[in-house]
Asks: 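There's a structure below that I have some questions on.
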Amino acid sequence: MRKPLVVALCALALAGAGATPAVAAVPSPAGADTTTGTAPATSLTDVVNGTVGAVADTLSGLTVPKSAAVNFAGTVSLSNCSGSVVRMPDSAASDPALVLTNGHCLESGFPAPGQVLTDRASSRTFGLLNASGARVATLRADRLVYATMTDTDAAIYRLNTTYARIKSSYGIDPLTLSSSRPAAGTAISVVSGYWKRIYSCSVDGFVHRLKEGDWTWKDSVRYTSACDTIGGTSGSPVVDDATGKVVAVNNTGNEDGARCTVNNPCEVDANGGVTVRQGINYAQQTHPFTACFTTGNRLDLSASGCTVPKP
């Protein structure tokens, strides 16, 4: 799972006079960040998260988008992951805005296998980025609408503001979730708000079952090798370069060549055959969510065509 292991010494590296920092993020099997909007400002976690945020913001001046068409507008940075402000195909400007990230990025830790969370209070904050990757605002959630790591790896938060207010205040539109399944060979961009970096590659294919530790995901997207995503890119929107729509959410990759362990997912085919692809990364498709939200961006898991896991 593509989460960063926080190293406070990164800040010291950045302080070196005239030196270009070499910063690496290593995914960690530990639980997700546990800070919330009510955590004390002087907590150790806040200090560390602030340090990493500063590192990531500094790196935004050292990295540039790899795609001329896709940029950072509408993406967000979390304390431990990436994400994006998203709308459903039928969302209205007056609807409360939604943020998409991974289920394993929850502030409360990893959901257990088989666990689906819905309609939970949340005050989580997100750094809103503009097209160039500069942070222009802090957005706040009022609910965790949905989260799971079963069959998929996704979390959707509801913000305490609307798409119209975000557009009026910051000139930024949400990204739209595609209602269609992506095709093999599709040119895509993985846009990380955490690292302010865009990875460009193609959909290499689809995985019947992707197993990592205790979790299993269905019909996962496999990237071609050019999308060599790292820790902190978890939750990044995967954008179809041709349409500009979100087709998946980035979530993991096999780092060490191990078989079916945390940070080393394996592919399991319909016959139970296992394939390990060291260095290859994956995402979870998002089109199933478009059938699960109704008027006013309300989650309706009983809606026709809604196939995401249910509590």
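The figures here come from the full heavy-atom set of this structure, side chains too, leaving out hydrogens, waters and symmetry mates.
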Asks: Output yes when a side-chain donor or acceptor of K218 lies under 3.5 Å from a complementary backbone atom of T216, and no otherwise.
Replies: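 Not at all, since once roles are kept as given, no pair shorter than 3.5 Å links the two residues.
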Asks: Which pairs with one or both residues in residues 202-211 pass side chain to side chain donor-acceptor pair (under 3.5 Å), sequence neighbours excluded?
Replies: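 Of all non-adjacent pairs touching residues 202-211, those that pass side chain to side chain donor-acceptor pair (under 3.5 Å) are D204-R222.
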Asks: Quick one: salt bridge (Lys or Arg N to Asp or Glu O under 4.0 Å) partners of D95, sequence neighbours excluded?
Replies: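 Scan of D95 (salt bridge (Lys or Arg N to Asp or Glu O under 4.0 Å), adjacent residues dropped) gives none.
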Asks: Hey, could you give me the CG/SG distance between L299 and C306, rounded to the nearest 0.5 Å?
Replies: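 The CG atom of L299 sits 6.5 Å away from the SG atom of C306.
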Asks: Can you pull the ring-ring contact (aromatic ring centres under 6.0 Å, His included) pairs that have at least one residue in residues 130-161, sequence neighbours excluded?
Replies: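 Those involving residues 130-161 are F126-Y157, Y146-F289.
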Asks: Within a strict 4.5 Å, meaning less than it, do heavy atoms of the Y282 and V207 side chains meet?
Replies: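 Yes. Closest side-chain heavy atoms under 4.5 Å.
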Asks: Say whether N250 and T233, considering side chains only, have a donor N or O and an acceptor N or O under 3.5 Å apart.
Replies: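 Distance-only check passes for N250 and T233.
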Asks: Any side-chain donor paired with an acceptor under 3.5 Å for N251 and D153?
Replies: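 Looking only at side-chain atoms, D153 and N251 do form a donor-acceptor pair, the distance falling under 3.5 Å.
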Asks: D219: which residues meet the salt bridge (Lys or Arg N to Asp or Glu O under 4.0 Å) condition with it, sequence neighbours left out?
Replies: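 Counting only residues at least two positions away or on another chain, D219 forms a salt bridge (Lys or Arg N to Asp or Glu O under 4.0 Å) with R181.
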Asks: Can you name the side chain to side chain contact (heavy atoms under 4.5 Å, CB included) partners of C201, sequence neighbours left out?
Replies: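 For C201 the side chain to side chain contact (heavy atoms under 4.5 Å, CB included) partners, ignoring immediate neighbours, are I188, Y223, T224, A226, C227.
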Asks: What pairs with K167 under salt bridge (Lys or Arg N to Asp or Glu O under 4.0 Å), at least two apart in sequence or on another chain?
Replies: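 D173.
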Asks: Please walk me through it: do Y163 and S91 pass side-chain contact (heavy atoms from CB on, under 4.5 Å)?
Replies: CA-CA 9 Å; Y163 300 119; S91 294; 4.0 Å; yes
